[in-house]
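Keep in mind the model is a prediction, meaning the values are calculated, not measured. Chain identifiers are assigned alphabetically (A, B, ...) following the order of the sequence lines, protein sequences preceding nucleic acid strands; residue numbering begins at 1 within each chain.
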Protein chains: 2
Amino acid sequence: MAFFESEFWHPSVATDIVLFTIRNKKLCILLVKRKDNNRWAIPGGFLTKGETLKECAVRELREETGIEVPFLRQFENFSNPNRDTRKHQVISVAFIGIHPSGKLKLKADTDVSDVDWFFYDKIPELAFDHNEICIKARDKLNSLLNENAELLFPFLDKEFTLTELQETLMCITTQPSSLKEKRNFRKWVFEYASGKGLVIETGNIRKGNHRPAKLYSKNI
Amino acid sequence: MAFFESEFWHPSVATDIVLFTIRNKKLCILLVKRKDNNRWAIPGGFLTKGETLKECAVRELREETGIEVPFLRQFENFSNPNRDTRKHQVISVAFIGIHPSGKLKLKADTDVSDVDWFFYDKIPELAFDHNEICIKARDKLNSLLNENAELLFPFLDKEFTLTELQETLMCITTQPSSLKEKRNFRKWVFEYASGKGLVIETGNIRKGNHRPAKLYSKNI
DNA sequence: GCAAAAGTGTTGACGCTACACCCATGG
DNA sequence: CCATGGGTGTAGCGTCAACACTTTTGC
């Protein structure tokens, strides 16, 4: 094994990803069970030579969970010198990820023994400062959605009804908003999202026990 | 000199600070002239053992420029493997800083030969990817201000008139806004900022060539 | 008295909230 | 034919952008 040496001290740099989805109309996040300390944690790992932080996050997600994710964005750095209980100081670059629905085969790998979705309000005690990271990520998700409702779309599958789109919003947002009202929500979709070309009618319909609903898709 | 060695490769981690102020009613940023490559750059430097990223930024600003800054916030990481032309990969954590007015004694130190304020629209070609960092910081400053106008206050001295407060806003914001109108701006101050207790009348006045203006201060 | 900056009152247009209402389907 | 979820029309209220206006000072 090669050893790296340097005239200067360097911290370690890791990415950690808080990956959100909606299951059973509730907000969920993805956790992995680490083999090194046998605790649940958010997926992530160390930066390797020559990659960007985002590439690192994408790679770690794929390795640890087998997931390709349509939305991934840095939101905060965690640099408290005592945040990692192991010897070396670790700077963690935290990402928010969004995945459409929980239907996917989760595969554990060499570093993790288990992978699963957890309801956000049933998160167990996690390794390191990962509980804090989750709380900050959830706050950030809420405020991002408030600034820009386009963030809804990564949560959704290819085709969806307007009711599903609205239910997704209501799972995530915590503030009161007139968009929680059906009429206003639909006006918003047509004036704002459709006007910007974000959502288009596919022509298909979803049949249920009652009047069928038109299906829409995010445009590209 | 001690050498550090590790089983794993580590990147270097640095903080870089885009420090804004207003001079002559124009937005300015602080630049330092680096001794190592004789080029202008934004202040910053490497993380040292046991400090947080913010502590690092505060320390670097003090060392390179002698400035204590009332507002300092991380806004983005720059991790392109080729961003630093020197051999080692450097992750840069970029900060936005805000300083009230440009009146301060700037002192150069061992790493930098010169320090000065530059009008934002007269920034020269900078070292590394620092021009890109400045552009991103300026965008971010604008959007932060749009979300939360409290960001105006770090630009101001202890006492200021409402006209000065408004001029500061107009130096920074690029979008059209009804707050550019005097009447609406003052309503905003009294209903929003004063209601939140952010700004209070000091009782003092500033004399000029015309009707004197009441002075206000940010509340703590 | 006049120029210039400080500071105030008010209205009309617009957007959004809230509510009531029709429509299509399965059982 | 009725229960249920899909889908639409619109009144009225509140907000605020925009403009006109008064006040206070120096010269």
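A/K214 comes within contact range of the sugar-phosphate backbone alone, with a heavy-atom separation under 4.0 Å but no base atom that close. When heavy atoms are screened at a 4.0 angstrom cut-off, B/T163 is found touching the sugar-phosphate backbone but no base atom.
Geometric assessment of A/R23 against the ring of A/F119 yields a negative cation-pi assignment under the 6.0 Å and 45° thresholds.
The side chain of A/R186 contributes an N or O atom lying less than 4.0 Å from OP1 or OP2 of D/dG7.
Side-chain N/O atoms of A/T52 and B/N80 include no donor and acceptor closer than 3.5 Å. Between A/Q74 and B/N77, the side chains place a donor N or O and an acceptor N or O closer than 3.5 Å (distance only, hydrogens not considered).
Mapping B/R183 and A/Y216 onto DNA chain D by nearest heavy atom places A/Y216 at the nucleotide closer to the 5' end. In terms of position along DNA chain D, the nucleotide closest to A/L162 lies nearer the 5' end than the nucleotide closest to the other residue of the pair B/H210 and A/L162.
Rounded to a whole Å, the CG atom of B/L215 is 9 Å from the P atom of C/dG7. Spacing between atom CD1 of B/I205 and atom C1' of C/dA5 amounts to 14 Å, rounded to whole angstrom units. If you measure from atom NZ of A/K207 to atom P of D/dG6, you get 15 Å, rounded to the nearest angstrom. What separates OH of B/Y192 from P of D/dC16 is a distance of 13 Å, to the nearest Å. As rounded to whole Å, 17 Å separates atom P of D/dC16 from atom CZ of B/F190. Between the CG atom of B/N209 and the P atom of C/dA6 there is a distance of 11 Å, rounded to whole Å. Nucleotide C/dG7 holds its C1' atom 17 Å from the CH2 atom of B/W188, rounded to whole Å.
Listed nucleotides C/dA6, D/dA18, C/dA18 differ in distance to A/E181; the shortest reach to its side chain belongs to C/dA18.
One N or O donor and one acceptor, one from the side chain of B/R211 and one from the base of C/dA6, sit under 3.5 Å apart.
Partner B/L30 forms a side-chain contact (heavy atoms from CB on, under 4.5 Å) with one of B/V69, B/I67, B/I42, B/D116 and no other, that one being B/I67. Considering A/K158, A/K214, A/E159 as possible partners of A/T202, the one that fulfils the side-chain hydrogen bond (donor to acceptor under 3.5 Å, both in side chains) test is A/E159.
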